[in-house]
Amino acid sequence: MKKQMTIIFIILTIIFLTSCGSNEVNRITGDVANINQGNNSTDTGAEEQDIPAGIESLSQPDYKGYTFTHSGTIIAIDSDFAPILKALGEPRAYFEAESCAFEGLDKIYTYFGFEIDTYPQGDRDFVSAIVLKDDTVATNEGLRIGSSRAEMEAAYGTPRINDNGQLIYDKDGMRLCFIIDGETVISIEYQTTVLDL
């Protein structure tokens, strides 16, 4: 009984610690001083400015498309990244570069097992991609790196295939992309269509 209580306490502590994020990420790989420029405000009831068409509703808990969940945080493509960053806390690594498509910086936040890419709009950042990196994480439908093609099709149906050989599932203005080697899933990525020409 004592051992079970200790295990429950450890699990609850981990859940508590992973659900508590900070508004600022000041210590990140590469000695980036402050990556939250313009992202410190999480006031979702305030003004909506410079937001791409169709994204307003995704800033609220009305998720569209396929979503990814980590530690109780739902992450949707084209959603405002500030509250997600606050919930997930400090990433393991961070990278930024001048955006080729928008004014501002494209950013990559790396967590254990997955990565989140963002694009800028005004003074806010929005999720452009979620990349699953290993088999420690899975889609909300249970697919992970190492799953079979049969499991993928059982969960999502028959995909379309793009010119790069990716197996694609389109939903509500976003896409979920798989790469298969033989009959095994080796890549899973959620992508925005905002950048499509």
Within one Ile-Leu-Val-Met-Phe-Trp-Tyr cluster: V137 and I75, side-chain cutoff 4.5 Å: yes
Taken to the nearest 0.5 Å, the spacing of I168 CD1 from Q191 CD works out to 6.0 Å
Value rounded to 0.5 Å, distance of CD1 in I180 from CD in E153: 8.0 Å
Short side-chain to backbone donor-acceptor contact, D181 and T184, under 3.5 Å: no
Straight-line distance of D135 CG to I145 CD1, nearest 0.5 Å: 8.0 Å
Does F81 form a ring pair (Phe, Tyr, Trp, His ring centres under 6.0 Å) with Y109? I'd like the steps, not just the answer. CA-CA 11 Å; F81 186 63; Y109 300 81; 4.5 Å; yes
Search all heavy atoms of L132 against all heavy atoms of A138 and return the closest pair with its distance. CD1-C, 4.0 Å
Is a side-chain donor or acceptor of N140 paired with a backbone partner of T69 at a separation under 3.5 angstrom? yes
Between P120 and D106, is there a side-chain heavy-atom distance shorter than 4.5 Å? yes
Say you draw a straight line from CG of L143 to CZ of R149; how long is it, rounded to the nearest 0.5 Å? 12.5 Å
Steps toward salt bridge (charged side-chain N to carboxylate O under 4.0 Å, His left out) verdict (R124, D80): CA-CA 7 Å; R124 295 164 70 182; D80 185 356; 2.8 Å; yes
Distance, nearest 0.5 Å, that separates OH of Y190 from CD1 of I116: 11.0 Å
Return yes if some donor-acceptor pair links the side-chain N/O of S148 with the main-chain N/O of E151 below 3.5 Å, else return no. yes
D117/K107 ion pair, N-O < 4.0 Å: no
Is the NZ or CZ atom of K133 positioned over F114's six-membered ring, under 6.0 angstrom from the centre and within 45° of the axis? no
In terms of relative ring orientation, are Y66 and Y169 parallel, tilted or perpendicular, with 30° and 60° separating the classes? perpendicular
Is the closest side-chain heavy-atom distance between H70 and L88 below 4.5 Å? yes
Are V131 and I74 connected into the same hydrophobic cluster when the rule is that any two of I, L, V, M, F, W, Y join if their side-chain heavy atoms are below 4.5 Å apart? no
Look up atom CD1 in I77 and atom CZ in F68, then write down how far apart they are to the nearest 0.5 Å. 11.0 Å
So V194 and Y119, do their side chains get closer than 4.5 Å, heavy atoms only? yes
Heavy atoms of G173 and T193 approach each other most closely as O-OG1, 2.6 Å
Going only through I, L, V, M, F, W and Y residues with side-chain contacts under 4.5 Å, is there a path from I108 to I130? no
Would you say that Q166 contacts S187 through its side chain, given a criterion of any heavy-atom pair below 4.5 Å between the two side chains? no
Between V185 and I179, is there a side-chain heavy-atom distance shorter than 4.5 Å? no
Ion pair check, R175 and D170, cut-off under 4.0 Å: no
pair Y156-L176: side-chain heavy atoms closer than 4.5 Å: yes
Between E98 and L105, is any pair of side-chain heavy atoms under 4.5 Å apart? yes
Between A87 and T73, the two heavy atoms sitting closest are CB-OG1, 3.4 Å
Do S128 and T192 make a side-chain contact, defined as non-hydrogen atoms from C-beta onward lying under 4.5 Å apart? yes
Using every non-hydrogen atom in the two residues, find where I84 and S79 come nearest and quote the distance to one decimal. CD1-OG, 3.5 Å
